[in-house]
Amino acid sequence: MSDYDDLYDVTNTPISDELAEQLLSGTTRGHAASVAGLDAVFHSLRAPADPAELRGMEAAVTAFQGGVVTPIAGSSSSRRRPMLKKLLTTKAIATIGAVTLVSAGAAAAATGTVPSPFASDRAREVTAQHVPDVARDNVAKQLDDDDGATTTEATTSTEAATTTDAATTTEATEATEATEAGDDSLASEAVGPDATGPAKFGLCTAFAAHSKHGDEDVTSSSIDVPVAFRNLADAAAAAGQTVDQFCADATPGNSDAAPGHSDDNPSATAPGHSDDNPSGTAPGHSQHGPADIAPGGSDKNPSESAPGKP
Amino acid sequence: MTSSGFDETSFADVLAAAQRGDERAAQSLFVQLQPRLLRFLKAHEPRAADDIAAEVWLAVATRITQFEGTWADFRAWFFTIARRRLADHRRTAVRRRTDVVEAEVFELRPGRDNPEQAALDSLSGQDAARLITSSLSGDQAEVLLLRLLGDLDVDQVAGVMQRTPNWVRVTQHRAIRNLARLIDGEIVVIR
């Protein structure tokens, strides 16, 4: 409040509430000369309509008769419609998204299957195929290892390939993986390496390692047995021998004619026999596992007690 | 507005007819309210007043079938809609508009040494409204305009502006005092 405002209240008697109400109601005209100017302004404000002020009557009446909606000329309501449309569109999309999420969540809760963004496509395919329990367990191991291509058995085979015949064992590894992944069609259709050919040595090496640490009868014709081992078993049967006998002349240390054999050949320390061999402590490996009662009833390394050993 | 409009009985008939879409009833309402609506709007937004008034009538026509009440209630409802449409307009236009004050507004303001009564008497309704808004703060002008143009009492103005009745009384008193000081100058001696 300025100095003038303060002086005003001193030098002028304040307008009473009663006079204020008279001014506002228009009942003071001619009775309050001191506020005649104010009274004149208020009366002007309430003056009868000027004809120019009644333009647009037809549009208003039409709106009443039509129950609305046609905009009167110059209406700016059209500016709000795009905003309303945009808002409705945004809300609709958000609503649809929310409903989808809720529905997906409800479906997942009902089925007990919650999609994981970390599961690989391969694992999802395997899950959808109702694979045999063993194969499914292998898949679970693979997922646990964060690597869908590595299992204990696969590692063993790979080690064998490294120390012997890489080209040969790679085929076995692939076949093994195909079976472990639970791809029935792939496993049944896989040809696998020819156990009577150059792959014999690698297969026998892998078989020796597998027999030591494996937990299943690799000589059976079970679908769970890697096709490479089945080929090996078939070749041995065709020769009228057991696998151990069939591999006797191919297992390192048992044949002077073994491919790549020499005194300093790493194969002298066969897979699974080296103290520092990773396969000896491979994931899932048990020191008291079925490998101790390897096929053939021997509790020794097949390569050491192989039938036909001189 | 009874001096220029409806008594409660006639208003009830007009309202019922307007709710049925009767042309004459709609015209009656328009003649009674449109001039005051335009003065109210032009006092705040002279350039957009016509557009805003059109929106107000659209809203009234849309919702009048749901209205129940007296003539005083109707005026309060009507100016509530007008005030909200005005607020909507200001909200959307504030960013893009550079609205200059028209020169005639300043010409309307009487100097303290020249309070010509004749000039004041010749003011049109819209001139008077603009004089009020150019001389007072926003709240003070709005209270006076609602009371004068809407013929609303203190409680109704409080309802429209969502304030307390006491706030309205204080504001209107200050508005009248300030306006009287400006218009009637030092001759204002009351009581």
Side-chain angles (χ1 to χ4, degrees), chain A residues 4-5 7-9 11-21 23-27 32-77 79-80 83, chain B residues 3-4 18 21-23 25-27 30-31 34-36 38-39 48 50-55 57-58 60-62 64-65 88-89 92 110 115 117 120-129 131-132 144-145 147-149 169 172-173 176-177 179-181 183-191:
Chain A
Y4 176 79
D5 293 329
L7 290 174
Y8 180 84
D9 286 337
T11 58
N12 297 277
T13 303
I15 297 174
S16 67
D17 289 342
E18 181 183 359
L19 181 58
E21 286 300 322
L23 286 167
L24 292 171
S25 62
T27 58
S34 59
V35 289
L38 189 61
D39 196 28
V41 171
F42 287 176
H43 273 275
S44 297
L45 199 60
R46 288 184 292 225
D50 184 273
E53 293 175 326
L54 297 178
R55 287 179 300 189
M57 180 186 292
E58 287 185 9
V61 171
T62 301
F64 273 88
Q65 291 176 324
V68 197
V69 193
T70 50
I72 299 175
S75 172
S76 59
S77 61
R79 287 197 299 269
R80 284 201 299 273
M83 292 183 62
Chain B
S3 61
S4 58
D22 182 79
E23 180 179 352
Q27 288 176 343
F30 188 85
V31 169
Q34 172 70 357
R36 298 178 180 233
L38 276 182
R39 294 169 192 173
D50 290 330
D51 287 348
I52 301 172
E55 292 188 21
W57 281 108
L58 275 174
V60 170
T62 304
I64 195 170
T65 55
D88 289 344
H89 170 80
T92 56
Q117 187 65 39
L120 295 175
D121 287 339
S122 66
L123 286 176
S124 69
Q126 291 182 8
D127 291 340
L131 175 61
I132 289 174
L144 280 190
L145 292 175
R147 288 222 58 188
L148 292 165
L149 293 174
R169 288 191 191 91
Q172 79 175 19
H173 192 85
I176 290 172
R177 188 189 65 177
L179 201 58
R181 183 192 309 156
I183 294 173
D184 293 311
E186 296 169 4
I187 64 171
V188 178
V189 179
I190 298 297
R191 194 180 294 182

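Chain letters run A, B, ... following the sequence lines, proteins first and then strands; every chain starts at 1. Everything numeric in this text was worked out from a predicted model, so none of it was measured.
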Quick check on the interface: out of B/L148, B/L144, B/L38, B/L145, who has the most heavy-atom pairs with chain A under 4.5 Å? B/L148

What is the minimum heavy-atom distance between B/A61 and A/F64, and which atoms define it? CB-N, 3.8 Å

Shortest non-hydrogen pair, B/L58 vs A/A63, comes out as CD2-CB, 4.1 Å

Which is it for A/V61 and B/F30 under the side-chain contact (heavy atoms from CB on, under 4.5 Å) test, yes or no, and what are the steps along the way? CA-CA 8 Å; A/V61 171; B/F30 188 85; 5.6 Å; no

What residues form a side-chain hydrogen bond (donor to acceptor under 3.5 Å, both in side chains) with B/Q34, not counting sequence neighbours? B/W57

Given heavy-atom pairs under 4.5 angstrom as the criterion, report whether the side chain, backbone, both or neither of B/I176 touches chain A. both

The interface call for B/L179 against chain A, heavy-atom contacts under 4.5 Å, is both

Can you tell me how far NE2 of B/H173 sits from CG of A/L24, rounded to the nearest 0.5 angstrom? 11.0 Å

If you measure from CG on A/L38 to CD1 on B/I132, what distance do you get to the nearest 0.5 Å? 8.0 Å

For A/A47, does its backbone N or O pair with a side-chain atom of B/R39 as donor and acceptor, under 3.5 Å? yes

By ring pair (Phe, Tyr, Trp, His ring centres under 6.0 Å), A/F42 pairs with (sequence neighbours left out) none

N-O pairing of B/R147 and A/E21 below 4.0 Å: yes

